[in-house]
Amino acid sequence: MRGEPSILHVDLDAMFAAVEQRDKVSLRGKPVVVGGVAGRGVVSTASYEARVFGVRSAMPMAQARRRLPSGTAYLSPRFAAYKRTSQVVMDLLTGLTPLVEQVSIDEAYLDLAAGGHDLSPRGVTELALRLKREIAEATGGVTGSVGVASSKLLAKIGSELHKPDGLTVVPAGEELTLLHPLAVGALGGVGPATEQRLHRSGVRTVGQLAAVPLADLVDWFGVAHGNGLFRLARAEDNRVVVSEREAKSVSAEETFDVDLTDPVRLQRELDLLSARVAGRLRDSGLSGRTVNIKVRHPDFTTVTRALTRDQPTDDGRLVAQLARRLLAEVNTTGGVRLLGVGVSTLADFAQDELFSLERPVLIEPLLMAPAPEPLAVATETAGPPVWRPGQDVRHDEHGSGWVWGSGLGRVTVRFEGPRTLPGPVRTFAVDDPLLHTTDPPDWTEPSP
DNA sequence: TCTGGGGTCCTAGGACCC
DNA sequence: TCTGGGGTCCTAGGACCC
């Protein structure tokens, strides 16, 4: 918590619906719902006209239809349009300060202290009003709600307080006055489960939460969450505004209109999801070592399986192969409602000079040699020499050797162990590295 | 015609290493 | 030779956010 209200939170109001109403005049003033229109879809965003009927984000679309009057527009999301609008707003924000943290397509935190602004309550109020005006003008009528306070916690609560098109400035020193009467659910990180547990102990407001001993909170929620709640209830929040965040995982999933049972169909869906994930990895210049799958059964129970390799990949076929192996561990005879594929433990190839030209591949197991004879291997490629001779060799206690590396073209591998049988020279084509990519066997580092 | 899709963070237990 | 303790990595599940 800072000594002045220097953190600003902007949240665009019902953004998906607002963009649709902006782009289509006939939708203005009418209930609009954007989301999954098909059988098992849910509401992404309901316009304020639709919220009057109790429709909310994440509500099943079927339920929303039962509540809403005829004449309501049910629309599939147009993400490209929302992204363009989002970018217009983000550009405005970066004009105010270099320290902008985009939380989602329609939300961001700004550190005004990094922008050299007048941080008095009056100064930030004028700045926020100007920003709101500029957002509405630049987007053609999409409004944003703004909160300015001494911490992320209070700024976010402030932007929520007078939606839509709202503005709340919390002067330093008034944080607790604002915070304590609120319901515990207003705190970020307090979802249905936490709220229920708190209610069970008679804790309904943030003020009541602030009276709960730390030991109880840790007991109920664990160390991290317990401590977090204890601090938030006191408006203690030192979280900084971070402009760049590294991705930790990439995933794709799909809920089927009808539960799937056909194993062939399941494998095909898995392949498609794997290709989607791998494509997005490559688009971002990323690759990952862990492949995850997610299976949701018809009764909504969800299981995950994961497998971590030694080397990262962004190859859809390899991801699919590993995903299939994981799926084989899951009982799908009762049907599958949702299937998901993810890749995590991400690596950034661009940072590794050795791999800057080509993607790494694992060449098939090459040689059996008597243990504990160390293997020395020289490799050459017709293309750029991406292997350093003698390096990148792995072998296990049984003497099996593998070569890691990257590159296309013909690769010659010579085995030059001092007492190894005269090394066979093997040459093989790596014109398609994917075909030579195999699952890494377990291996141990050669002892020096 | 209940319950999306993309993420992040935390926990707990086991394996493994020193 | 009745028994350690810390650290790291991995897996599975769950809560939460937009």
Side-chain angles (χ1 to χ4, degrees), chain A residues 9-16 33-46 56-67 74 76-77 79 82-83 86 101-109 152 156 159-160 185-198 218 220-229 232 239 242 245-259 273 276-277 280 284 289-310 326 329-330 337-346 442 444-445:
Chain A
H9 182 255
V10 209
D11 196 332
L12 301 179
D13 302 311
M15 187 217 194
F16 294 4
V33 177
V34 181
V37 181
R40 287 170 162 172
V42 300
V43 174
S44 287
T45 308
R56 296 281 177 274
S57 294
M59 178 182 279
M61 190 61 80
Q63 199 177 325
R65 284 183 197 274
R66 268 180 251 126
R67 289 174 179 250
Y74 301 93
S76 291
F79 284 107
Y82 311 149
K83 243 179 206 144
S86 173
E101 177 176 342
Q102 185 171 354
V103 181
S104 68
I105 193 165
D106 64 351
E107 214 182 299
Y109 289 99
K152 280 183 163 181
K156 165 102 175 156
S159 71
E160 205 64 39
L187 294 176
V190 176
T194 303
E195 189 173 47
Q196 223 179 11
R197 180 65 192 81
L198 289 172
V218 169
W220 298 342
F221 303 111
V223 176
H225 199 197
N227 274 292
L229 291 174
L232 290 185
R239 288 173 297 167
V242 185
R245 271 227 172 76
E246 281 185 10
K248 296 246 161 60
S249 66
V250 174
S251 66
E253 63 184 50
E254 184 165 1
T255 296
F256 307 109
D257 285 342
V258 180
D259 298 339
L273 292 165
R276 246 151 71 189
V277 168
R280 278 164 44 203
S284 322
R289 293 169 49 229
T290 305
V291 174
N292 314 271
I293 66 156
K294 174 163 148 186
V295 178
R296 178 119 75 208
H297 296 113
D299 67 359
F300 222 71
T301 57
T302 305
V303 300
T304 60
R305 291 291 178 270
L307 177 162
T308 300
R309 295 160 26 92
D310 284 339
L326 291 170
E329 296 174 13
V330 180
R337 179 191 174 92
L338 170 148
L339 207 52
V341 174
V343 171
S344 53
T345 327
L346 300 183
D442 291 324
T444 48
E445 203 69 51

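Just so it is clear, the model here is predicted, and its values are computed rather than measured. Throughout, a chain's letter reflects where its sequence line sits, starting with A, and its residues are numbered from 1.
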B/dG4 phosphate, OP1 or OP2: any side-chain N/O from A/Arg337 under 4.0 angstrom?
yes
A/Lys152/A/Glu101 salt bridge by N-O under 4.0 Å criterion:
yes
For A/Tyr74 against A/Ala64, the heavy-atom pair lying closest together
OH-O, 4.2 Å
So if I define the base as every atom that isn't primed, P, OP1 or OP2, how would nucleotides 9-18 of chain C read as a B/S/- string at a heavy-atom cutoff under 4.0 Å?
-SSSS-SSSS
Heavy atoms under 4.0 Å, any strand shown: does A/Gly36 hit a base, just sugar-phosphate, or nothing?
nothing
Donor-acceptor pair, distance only, cut-off 3.5 Å: does the side chain of A/Glu195 make one with the backbone of A/Val190?
no
Look only at the side chain of A/Thr302 and the backbone of A/Phe300, and say whether a donor-acceptor pair between them is shorter than 3.5 Å.
yes
Can you tell me if the side-chain N/O atoms of A/Arg67 get under 4.0 Å from OP1 or OP2 in B/dC2?
no
May I have the list of side-chain donor-acceptor pairs in residues 102-109 of chain A shorter than 3.5 Å, sequence neighbours left out?
{"unit_1": "A/Gln102", "atom_1": "NE2", "unit_2": "A/Ser104", "atom_2": "O", "d": "3.2"}
{"unit_1": "A/Ser104", "atom_1": "OG", "unit_2": "A/Asp106", "atom_2": "N", "d": "3.4"}
{"unit_1": "A/Ser104", "atom_1": "OG", "unit_2": "A/Asp106", "atom_2": "OD1", "d": "2.8"}
{"unit_1": "A/Glu107", "atom_1": "OE2", "unit_2": "A/His9", "atom_2": "NE2", "d": "3.0"}
{"unit_1": "A/Glu107", "atom_1": "OE2", "unit_2": "A/Lys156", "atom_2": "NZ", "d": "3.0"}

Is there side-chain contact between A/Arg276 and A/Glu254, with heavy atoms separated by less than 4.5 Å?
yes
Across the strands shown, which category fits A/Val250 at heavy-atom distances under 4.0 angstrom: base, sugar-phosphate, nothing?
sugar-phosphate
According to a 3.5 Å limit on both distances, what stems of 3 or more consecutive Watson-Crick or G-U pairs are formed with DNA chain B?
B:5-18 with C:5-18
Report the residue (A/Glu253 or A/Val223) whose heavy-atom-nearest nucleotide on DNA chain B is the more 5′ of the two.
A/Glu253
For A/Arg40, which contact category applies under a 4.0 Å heavy-atom criterion: base, sugar-phosphate, or nothing?
sugar-phosphate
Side chains of A/His297 and A/Val330 in contact at under 4.5 Å (non-hydrogen atoms):
yes
With syn defined as a glycosidic angle within 90° of 0 and anti as the rest, where does C/dC2 land?
anti
For A/Arg197, which contact category applies under a 4.0 Å heavy-atom criterion: base, sugar-phosphate, or nothing?
nothing
Suppose you measure atom P in B/dT3 against the same atom in C/dC18; what distance do you get, rounded to whole Å?
23 Å
In this structure, how many angstroms lie between the P atom of B/dG6 and the CZ atom of A/Arg280, rounded?
6 Å
Is A/Ser57 reaching over with its side chain to a backbone N or O of A/Ser44, donor-acceptor style, under 3.5 angstrom?
yes
Can you tell me if A/Arg280 uses its side chain to pair, donor with acceptor, with the backbone of A/Ser251 under 3.5 Å?
yes
